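What you see is a predicted model, and the numbers here were worked out from it, not measured in a lab.
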Amino acid sequence: MNEERSFIEVQFPVSKVSKESYKERMAGSGQILTGIGKWWGRKPLVLVRSALLGLLLPATGDSVTDRSVFYKLMQLDDSALKRRRNKNFTVNEIYEKLSTDEKKFWFENSSSDNKIQLKKITLAEKEELQNTVFARLSYDEKLNYCERIDLINELPVEIWQEINGLLGTSAETYASFVKEIGMPRFGRIPIAGDVFCGGGSIPFEAARMGFTTIGSDLNPVAAFLSW
């Protein structure tokens, strides 16, 4: 393990993080910190989370495994997108994504108005069909049907088990993971400091992730918002 380099110094999924950040930004007043107070240039929380984890994780020399761990922690991999899906496709959307044979198998034409309609299928089959269509979308398209990363505070137990299996850790939460990875590397729980914290995105997300957090700003309004 190369203790001198962090994941973010070797590789970083700029495209995916940018798309997730844009999705958060487009939530407008629905963004987590917006309700506390408006601030100019406030950083997306998903961007902050990705930077913190990118700095925390060491570059081990196994770039594939390192990237897999990062994806699981950030919920950027295919299985995470499937878990994050919080909206179903309409009948027309499903129909458009199926092959000719699949359309014949799943759909029937209404004799009265010639409209397409699903055949009578079970709830399990409906979910299977939803997942089939979802899997065929591009990353950008999938995000339209997924919950935002910044709204998810923790990972499922089974994902922590996968991460622990790859790293030899025993974490159950982000906070325990930050401590377990940080202590050997830095001799303490890692400190996240932001001397120009503005609207507080970095201190907020760092504290939520379990980092020891310090924030300050010359503007007292900014300091108050961050506090």
task: Could you go through the side chain to side chain contact (heavy atoms under 4.5 Å, CB included) check for Leu73 and Leu57 one step at a time?
output: CA-CA 10 Å; Leu73 286 167; Leu57 290 169; 3.8 Å; yes
query: Under 3.5 Å, side chain of Glu127 to main-chain N/O of Ala124, donor-acceptor pair present?
result: no
task: Give a yes or no on whether the backbone of Ser6 and the side-chain of Glu9 come within a donor-acceptor separation of less than 3.5 Å.
output: yes
- prompt: For Tyr174, is the NZ or CZ atom of Arg49 found under 6.0 angstrom from the centre of its six-membered ring and inside 45 degrees of the ring axis?
  reply: yes
message: If only side-chain N and O atoms count, and only distance matters, is there a donor-acceptor pair under 3.5 Å linking Ser176 with Thr173?
response: yes
- request: Answer yes or no: are there more than 12 heavy-atom neighbours, outside Phe186 itself, under 6.0 Å from its atom CZ?
  value: yes
query: Does the side chain of Val91 come within less than 4.5 Å of Gln117's, by heavy atoms?
result: no
task: First locate atom OG1 of Thr122, then atom CD of Glu128, and finally report the distance between them rounded to the nearest 0.5 Å.
output: 8.5 Å
- prompt: Do any N or O atoms from the side chain of Ser216 and from the backbone of Val195 form a donor-acceptor pair under 3.5 angstrom?
  reply: yes
field: Side chain to side chain, Leu118 and Phe107, heavy atoms closer than 4.5 Å
entry: yes
message: Could you check whether any side-chain N or O of Glu24 sits under 3.5 Å from a backbone N or O of Leu45, counting only pairs where one atom can act as donor and the other as acceptor?
response: yes
statement: So CD of Glu93 and CG of Leu98: to nearest 0.5 Å the spacing works out to 12.0 Å
statement: NZ (Lys72) and CG (Leu166) are apart, to the nearest 0.5 Å, by 6.5 Å
task: For Arg148 and Leu143, run side chain to side chain contact (heavy atoms under 4.5 Å, CB included): C-alpha distance rounded to whole Å, both residues' side-chain angles, the deciding distance at 0.1 Å, then the answer.
output: CA-CA 8 Å; Arg148 300 195 331 254; Leu143 287 186; over 6 Å; no
message: Using a strict threshold of under 4.0 Å (side-chain N to carboxylate O), is an ion pair present between Glu102 and Arg136?
response: yes
query: Just wondering, more than 12 heavy atoms not from Lys119 lying within 6.0 Å of its NZ?
result: yes
field: N/O donor-acceptor pair under 3.5 Å between Ser50 side chain and Val17 backbone
entry: no
- prompt: Would a distance-only check, ignoring hydrogens and angles, find a side-chain to backbone donor-acceptor pair under 3.5 Å from Trp160 to Ala171?
  reply: no
field: Worked check of salt bridge (Lys or Arg N to Asp or Glu O under 4.0 Å) between Glu20 and Lys23
entry: CA-CA 5 Å; Glu20 296 285 356; Lys23 180 178 176 66; over 6 Å; no
field: Student check: side-chain heavy atoms of Ile94 and Thr132 closer than 4.5 Å
entry: no
task: Kindly check if the number of other-residue, nucleotide or ligand heavy atoms within 6.0 Å of CG (Asp62) is above 12?
output: yes
message: Between Ser226 and Gly198 (side chain of the first, backbone of the second, donor and acceptor by atom type, cut-off under 3.5 Å), is there such a pair?
response: yes
message: Looking only at the aromatic ring of each residue, does the gap between the centers of Tyr145 and Phe89 stay below 6.0 angstrom?
response: yes
query: Hey, does Leu55 have a side-chain heavy atom less than 4.5 Å from the side chain of Phe211?
result: no
message: Set out, in order, the CA-CA distance, both residues' side-chain angles and the distance that settles side chain to side chain donor-acceptor pair (under 3.5 Å) for Asp77 and Ser79, then state yes or no.
response: CA-CA 6 Å; Asp77 56 322; Ser79 61; 2.7 Å; yes
message: For a 4.5 angstrom cut-off between non-hydrogen side-chain atoms, does Arg5 reach Val10?
response: yes
- prompt: Crowded around Lys179 NZ? As in, over 12 foreign heavy atoms under 6.0 Å?
  reply: no
message: To the closest 0.5 Å, what do you measure between CG (Asn144) and CE (Met26)?
response: 12.5 Å
field: Derivation of the side chain to side chain contact (heavy atoms under 4.5 Å, CB included) call for Asn88 and Lys126
entry: CA-CA 10 Å; Asn88 285 332; Lys126 286 182 180 179; over 6 Å; no
task: Could you tell me whether the side chains of Ser138 and Glu141 share a donor-acceptor contact shorter than 3.5 Å?
output: yes
- prompt: To the nearest 0.5 Å, what is the distance between OG1 (Thr60) and CG (Leu167)?
  reply: 8.5 Å
query: Do Arg84 and Gln75 get their side chains close enough for a donor-acceptor pair, meaning under 3.5 Å?
result: no
- prompt: Is the number of heavy atoms from other residues, nucleotides or ligands within 6.0 Å of OH (Tyr22) greater than 12?
  reply: no
- request: Find the distance between NZ (Lys104) and OG1 (Thr100) and round it off to the nearest 0.5 Å.
  value: 7.0 Å
field: Lys97 NZ/CZ over Phe134 ring centroid, <6.0 Å and within 45° of normal
entry: no
message: Taking Phe204 as the starting point, is it possible to reach Val46 by hopping between hydrophobic residues whose side chains are less than 4.5 Å apart?
response: no
- prompt: Is Met74 reachable from Phe12 through a run of I, L, V, M, F, W or Y residues, each pair having side-chain heavy atoms under 4.5 Å apart?
  reply: yes
query: Does any donor atom in the side chain of Ser170 or Asn164 lie under 3.5 Å from an acceptor atom in the other side chain?
result: no
- request: Would you mind reporting whether Ile214 and Ile191 have side-chain heavy atoms less than 4.5 Å apart?
  value: yes
task: Establish, from distance only, whether the side-chain atoms of Asp101 and Ser99 form a donor-acceptor pair under 3.5 Å.
output: no
Derivation of the side chain to side chain contact (heavy atoms under 4.5 Å, CB included) call for Phe177 and Leu56: CA-CA 10 Å; Phe177 181 80; Leu56 174 69; 4.1 Å; yes
message: Using side-chain heavy atoms (C-beta onward) and a distance below 4.5 Å, is Tyr139 in contact with Leu76?
response: yes
field: Side chain Lys16, main chain Tyr71, donor-acceptor under 3.5 Å
entry: no
- prompt: Among Asp150, Leu47, Leu33, which one satisfies side-chain contact (heavy atoms from CB on, under 4.5 Å) with Ser201?
  reply: Leu33
task: Would you mind reporting whether Arg67 and Pro13 have side-chain heavy atoms less than 4.5 Å apart?
output: no
